[in-house]
Amino acid sequence: MSNPLNNSMDLSFPSELGYEVIARDAVSAFARRLGLSAERVEDLKTALSEACINAIEHGNSLRPDLRVFIHCHLEPDRLVIEVIDQGATEFVARDNVLSISEKIAGLGSLRGMGLMLISQLCDESSFVPGPEGNCMRLAFSR
Amino acid sequence: MSDETSQPERPEKVIELRLPSKLGYERVAMDTASSLARRMGFSNDRVDSLKTAISEAVTNAIEHGNQQDAAMKVVVLLTARKDGLVVSVADQGCKPLAQGSTTSSPTIEEAFERDDKGGWGIWLIRELMDEVEFSTAPSGGNQVRMVIHLE
């Protein structure tokens, strides 16, 4: 149990919309096995789908020849998931982003809520430096 | 994160899953494969057959090929084609599979003589999938390639 590799899983898939559903089902099966509650698994499914769609649409610019990589591992009190793209487009944080309630009130496009949703659903979410491409790390406490 | 076992199929749409060799993780492979198969339009019956076959293949890889050493990985490749789904399961092969065991069908009497009442896995896989082929993976481990056709 001491070796973190013993409770880790890797998944990769073509950068094509639709594959995020398969990734979501694979990672939620992994999370259930590691004892995440049903409610947290639902949060994870939404957050992971958003992160995968970002990687496919933005990071990999919808290029089907590129791939998305997911690495999941268990830390003593939390599950950590990294979603890594091949960086056709580098993530740049924007200022003046409308809040979800402002968007729903019609003050802006209903799109572009992914990162906000992710940050609400995870216990920790951030972009971390990766060897190539963008790497978004999501953490869920157990 | 690329792996030599996945190279020949790279131009196709391949999902690659690497799992620790611990019993229970076969469920992750089952759920991933059934998610893909449902999206491809397989009937519930066929999805159930696929889940059983992949569960047997991954359990064999964990228990026998990788001897339940959790640090060793089982690599599952899922390739969606127009006419079906190709599943390949490879272990790191501490224990090569005896050639005879890939073709024989056990009898009830033989199975009951074993402590675990087991030995049905490969027979089941052959019954449930449309094409089954055992080989040695480029990594040196055991590999089983299974195909289930879309009708």
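Just so it is clear, the model here is predicted, and its values are computed rather than measured. Chain letters run A, B, ... following the sequence lines, proteins first and then strands; every chain starts at 1. Only heavy atoms go into these numbers, but all of them, side chains included; no hydrogens, no water, no symmetry mates.
Under the 4.5 Å side-chain contact rule for hydrophobic residues, B:L19 and A:V80 do not share a cluster. Residues A:L121 and A:L79 fall into different hydrophobic clusters, defined by Ile, Leu, Val, Met, Phe, Trp and Tyr side chains chained together at heavy-atom separations under 4.5 Å. Under the 4.5 Å side-chain heavy-atom criterion for ILVMFWY residues, a single connected hydrophobic cluster contains both B:I122 and B:I54. A continuous path of ILVMFWY side-chain contacts below 4.5 Å connects B:F134 to B:V58, so both sit in one hydrophobic cluster. Cluster membership for B:M72 and B:V76, using ILVMFWY side-chain heavy atoms within less than 4.5 angstrom, is not shared.
Residues satisfying the side chain to side chain donor-acceptor pair (under 3.5 Å) test with A:S126, not counting sequence neighbours, are none. For B:Q67, the side chain to side chain contact (heavy atoms under 4.5 Å, CB included) partners at least two apart in sequence or on another chain are B:C94, B:K95.
Heavy atoms only, all atoms of each residue included: B:D31 and A:A29 are closest at OD2-CB, 3.4 Å. Nearest heavy atoms, B:P20 versus A:S8: CD-O, 3.1 Å. Taking both residues in full, the closest heavy atoms of B:V14 and A:R67 are given as O-NH2, 2.8 Å, listed atom of the first, atom of the second, then distance. Nearest heavy atoms, A:R33 versus B:L23: NH2-O, 3.9 Å.
Contact annotation for residues 37-52 of chain A against chain B (heavy-atom separation below 4.5 Å): no residues qualify. Within residues 32-49 of chain B, the residues that have a heavy atom under 4.5 Å from a heavy atom of chain A are B:T32, B:S35, B:L36, B:R38, B:R39, listed by number.
Using a cutoff of 4.0 Å between basic side-chain nitrogens and carboxylate oxygens, B:K73 and A:D10 are not scored as salt-bridged.
Separating the CG atom in B:L78 from the CG atom in A:L11 is a distance of 9.0 Å, to the nearest 0.5 Å. To the nearest 0.5 angstrom, A:N6 atom CG is 7.5 Å from B:D69 atom CG. The CZ atom of B:R18 sits 11.5 Å away from the NE2 atom of A:H71 when rounded to the nearest 0.5 Å.
Proximity to chain B is limited to the side chain of A:R32, based on heavy atoms less than 4.5 angstrom apart.
The neighbour count for A:R142 CZ, taken as heavy atoms of other residues, nucleotides or ligands under 6.0 Å away, is above 12.
Ranked by heavy-atom pairs shorter than 4.5 Å toward chain B, the options A:V21, A:D25, A:I22 are led by A:I22.
Within the 4.5 Å cutoff, the side chain of B:Y25 has no heavy atoms near those of the A:M9 side chain.
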